[in-house]
Asker: 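One structure is given below, represented as structure tokens, and several questions about it will come after.
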Amino acid sequence: MLKDLFRTKPKYVTVRNYREETARQERDERAKKDLPDGLWIKCENCHQIIYHKDLEQNLQVCPKCDYHFRIGAKERLRQLLDESSFEELFADLSPTNPLNFPNYEKRLSKYQKETGLKEGVLTGVGKIEEIPVAIAVMDFFFLGGSMGSVVGEKISNTFEYAAANHLPMITVSASGGARMQEGILSLMQMAKTCQARNLLAEQGLVYISVLTDPTSGGVYASFASQGDINLAEPGAYIGFAGTRVIEQTIRQTLPEGFQKSEFLLQHGVLDLIVHRKEVRKTLARLLRFHQSTERAEANG
Amino acid sequence: MGNENGFTMQFEKSLIELEKKIEEIRVFSSEKNIDMSEEIQRLQAKADVLKERIYRNLTPLQKVQVARHPKRPTFLEYVELIFDDFIELHGDRLFKDDPALVGGLASLNGIPVTVLGQQKGRDTKENIARNFGSPHPEGYRKAMRLMKQAERFGRPVITLVDVAGAYPGIEAEERGQGEAVAHSIMAMAGLKTPIIVVITGEGGSGGALAIAVGDRILMLEHAYYSVITPEGCASILWKDANEAPKAAEVLRLTAENLKEMKVIDEIIPEPLGGIHRDKVAGAKLLKEALVRNLQEILEVPGQDLLKLRYDKFKKIGAYS
Ligand SMILES: [Zn+2]
């Protein structure tokens, strides 16, 4: 399905699909109410009115204030990978309701319909400036990008695939954390993904983690913080504990910019912050630094 | 949490009252030198029946309450009751020593091991000093340091897990709480020495898992282990923390539930009425399980250990 998507050329068509998928979002609803046809969008940050095509052309970054809008997994892959290079792997895995959690199936099918995804992560192989990579991209619009059994399984499978095929690995995280509806099984996906990430380290294969808004809880506290290189988009919320939980615990308001990318860079958790327009180029540069050693390993 | 001496769980109020009454009669009879043994015996039998009835039928949320009981043994009490020759080792070599996570060297039935776990306090003063057993990143980094040390010297690692959650605070975030938890999980997954994990009380999400990756995962009968607290789940799901009993049911967080889902390997029985009623007897049962499991793991060839540990966690999950 995705392969087809990447082979259809006219870019505006696919971007439009993406817009339709996420139309339910609050900001679009608001924009629609105020501005007919949804052709105009109000920036969440600077509140200026942006023409939707300008936003699309600018990779969903506000042309006026550089605010990075959240984007789905398909859009992200389109921005990062060489055209038509993505081949999806582990696409068959579907979620179940192991705990019989109330309303879980209903919510799953709602998000499946809205995003056109089976689960909150797309995994596979592709190329960035001709360099083959294994890649896992999370989708925040699917149940908050939460990590349940399928997400954990697909991500760990992709690490395993990268290790078996001598590929560098990239993850793009966008997640509220572990998925409550699968209980302890979700928590265990943190262990599953972390141990799979170890496989690359053993082989000297590079793993680059791209943290986007938001990356929190059990995803930040597992593979996403464990890149050889951790890079984040500007202004992304990245944290272990939720701001409300912290505020309730310490009974004080949190400082401005707390748990934003810039805060994490300052405190040594991130290697670099990269504007969305530069992410693909930066990944290619980083990958080229690791290409020769990987070839040597593979040949040796 | 309430005052530790007056702490009563609602569901065993009648039992506590009866136990108090028996104690009063005992004191009275010895003070006045009157033989009341018949009456005491009769009430004791009644209390035993009551205890049996209450504790055999605990609801999931009641188990969570038992797991959080302020009189439940803490890490250092287990160490005292189970291990010999404990030497505490402090600090993460990076920032500071976290009193909420304690570790060191000890001997288990003559076998040298590294033992570590979260340390709650036994009273308010201790709890403040121990941050209620909720570690900061430096706690998990100390754990990692001690585990790496154990690997270097070929010592098995035993972890005792009892934590409401890794501490949610400004400094914890500044120093990378998420990174510390993740790093510790990774370190355990790759640690070339046997690891036995025991969930002794609260298994609170990532803060528990950070020291809970191992070859054997044991769990005390009334402990719980969950991705989120029942109260947290209830306030998200029903916007009402009072729905916690329902949430505890739904989350399937008891030892029995987890054994069914193959998340844990073994349930260690507690003395009737919970381990806080008889720490010595409870610790004896735990020690027996630890020794037996350790002996079994020590038989596994070193090169198979990591593969088996990997497969163990890789298998957990549900999908079609
Ligand atoms: Zn703007």
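Atoms considered below: every heavy atom in the structure, side chains included; atoms not considered: hydrogens, waters and symmetry mates. Letters go in sequence order (proteins before strands), and every chain restarts at 1. Note that this is a predicted model, so its numbers are computed, not measured.
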Asker: To the nearest 0.5 Å, how far apart are NZ in B:Lys315 and CE in A:Met188?
Answerer: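 Nearest 0.5 Å value for the NZ-CE distance: 15.0 Å.
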Asker: Under a 4.5 Å cutoff for heavy-atom pairs, which residue among A:Ser216, A:Gly183, A:Pro98 has the most contacts with chain B?
Answerer: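 When all of A:Ser216, A:Gly183, A:Pro98 are compared, A:Gly183 has the most.
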Asker: Report the distance from atom CD1 of A:Ile184 to atom CG of B:Leu253, rounding to the nearest 0.5 Å.
Answerer: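 Taking CD1 in A:Ile184 and CG in B:Leu253, the distance rounds to 8.0 Å.
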Asker: What part of B:Val250 is in contact with chain A, defined as an atom under 4.5 angstrom from a non-hydrogen atom: side chain, backbone, both or neither?
Answerer: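 Its backbone and side chain both get close to chain A.
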Asker: With a 4.5 angstrom heavy-atom cut-off, which part of A:Ala196 approaches chain B: side chain, backbone, both or neither?
Answerer: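 For A:Ala196, heavy atoms of backbone and side chain both lie under 4.5 Å from chain B.
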Asker: Is the CD atom of B:Glu256 crowded by more than 12 outside heavy atoms at less than 6.0 Å?
Answerer: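 No, CD of B:Glu256 has 12 or fewer neighbouring heavy atoms, counting only those of other groups under 6.0 Å.
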Asker: Contact part of A:Gln252 toward chain B, heavy-atom cut-off under 4.5 Å: side chain, backbone, both or neither?
Answerer: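 When you check distances to chain B, only side chain atoms of A:Gln252 fall under 4.5 Å.
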Asker: Between A:Ser156, A:Ser186, A:Pro95, A:Gly218, which residue shows the highest count of heavy-atom pairs closer than 4.5 Å to chain B?
Answerer: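 Ranked by heavy-atom pairs under 4.5 Å with chain B, first place is A:Ser156.
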Asker: To the nearest 0.5 Å, what is the distance between CZ (B:Phe313) and OG1 (A:Thr193)?
Answerer: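 Here the rounded value is 12.0 Å.
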Asker: What distance separates B:Leu237 CG from A:Gln181 CD, expressed to the nearest 0.5 Å?
Answerer: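 Between atom CG of B:Leu237 and atom CD of A:Gln181 there are 7.5 Å.
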Asker: Using a 4.5 Å cut-off on heavy atoms from C-beta on, say whether the side chain of A:Lys154 contacts that of B:Tyr319.
Answerer: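 No, too far: nothing below the 4.5 Å cut-off.
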Asker: Main chain of A:Phe240, side chain of B:Glu173: is a donor-acceptor contact present, judged purely on distance under 3.5 Å?
Answerer: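 Yes; at least one donor-acceptor contact below 3.5 Å.
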Asker: I'd like to check the side-chain hydrogen bond (donor to acceptor under 3.5 Å, both in side chains) partners of B:Asn293; sequence neighbours left out, ordered by chain and number.
Answerer: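 So B:Asn293 forms a side-chain hydrogen bond (donor to acceptor under 3.5 Å, both in side chains) with B:Arg216, B:Glu266.
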Asker: I'd like to know which of B:Ala189, B:Ser226, B:Ala318 tops the heavy-atom pair count under 4.5 Å against chain A.
Answerer: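 Top count of heavy-atom pairs under 4.5 Å with chain A: B:Ala318.
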Asker: Got A:Leu185 and B:Val227 here, is their nearest side-chain heavy-atom distance under 4.5 Å?
Answerer: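 No. Closest side-chain heavy atoms not under 4.5 Å.
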Asker: Say you draw a straight line from CD of A:Gln195 to NZ of B:Lys312; how long is it, rounded to the nearest 0.5 Å?
Answerer: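 A:Gln195 atom CD to B:Lys312 atom NZ measures 11.0 Å (nearest 0.5 Å).
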Asker: Using non-hydrogen atoms only, which part of A:Asp92 is less than 4.5 Å away from chain B: side chain, backbone, both, or neither?
Answerer: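 Contact with chain B: backbone only.
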Asker: Give every residue pair that meets the ring-ring contact (aromatic ring centres under 6.0 Å, His included) criterion with at least one member in residues 197-231 of chain B, sequence neighbours excluded.
Answerer: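 Only B:Tyr55-B:His222 qualify under ring-ring contact (aromatic ring centres under 6.0 Å, His included).
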Asker: What option among A:Gln266, A:Gln226, A:Met180 has the most heavy-atom pairs under 4.5 Å with chain B?
Answerer: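 That would be A:Gln226.
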Asker: Based on non-hydrogen pairs under 4.5 Å, which of B:Leu306, B:Leu251, B:Ile170 is most in contact with chain A?
Answerer: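 Answer, by heavy-atom pair count under 4.5 Å with chain A: B:Ile170.
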Asker: Counting heavy-atom pairs under 4.5 Å to chain B, which of A:Asn198, A:Val269, A:Asn230 comes out on top?
Answerer: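 Answer, by heavy-atom pair count under 4.5 Å with chain B: A:Asn198.
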Asker: Measure distances from B:Ala208 to the heavy atoms of chain A and classify the residue's part below 4.5 Å as side chain, backbone, both or neither.
Answerer: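 Answer is neither: B:Ala208 stays 4.5 Å or more from chain A.
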Asker: With heavy-atom distances below 4.5 Å as the criterion, would you say the side chains of A:Asn100 and B:Arg252 are in contact?
Answerer: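 No - every pair of side-chain heavy atoms lies 4.5 Å or more apart.
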Asker: Does a side-chain heavy-atom distance below 4.5 Å link A:Ile250 with B:Tyr167?
Answerer: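 Yes, at least one pair of side-chain atoms sits under 4.5 Å.
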Asker: Which bit of A:Leu199 comes within less than 4.5 Å of chain B, counting heavy atoms only: side chain, backbone, both or neither?
Answerer: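 Side chain of A:Leu199 only, per the 4.5 Å heavy-atom cut-off to chain B.
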Asker: Which pairs pass ring-ring contact (aromatic ring centres under 6.0 Å, His included) with one or both residues in residues 196-216 of chain B, sequence neighbours excluded?
Answerer: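 Every pair satisfying ring-ring contact (aromatic ring centres under 6.0 Å, His included) with a residue in residues 196-216 of chain B: there are none.
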Asker: Where on B:Arg309 is there a heavy atom nearer than 4.5 Å to chain A: the side chain, the backbone, both, or neither?
Answerer: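 For B:Arg309, the backbone is the part near chain A, not the side chain.
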Asker: Looking only at heavy atoms, which of residues 177-187 of chain B get nearer than 4.5 Å to chain A?
Answerer: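 From residues 177-187 of chain B, the residues near chain A are B:Gln177, B:Gly178, B:Glu179, B:Val181, B:Ala182, B:His183, B:Ile185, B:Met186.
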Asker: Could you tell me which portion of A:Glu153 (side chain, backbone, both or neither) has an atom closer than 4.5 angstrom to a non-hydrogen atom of chain B?
Answerer: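 When you check distances to chain B, atoms from both the backbone and side chain of A:Glu153 fall under 4.5 Å.
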Asker: Please look at A:Tyr220 and chain B and tell me whether the side chain, the backbone, both or neither of the residue comes under 4.5 angstrom of a heavy atom of that chain.
Answerer: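 Both the backbone and the side chain of A:Tyr220 come within 4.5 Å of chain B.
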Asker: Could you tell me which non-hydrogen atom of A:Ile246 sits nearest to which non-hydrogen atom of B:Gly169, and how far apart they are?
Answerer: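 Looks like CG2-CA, 3.9 Å.
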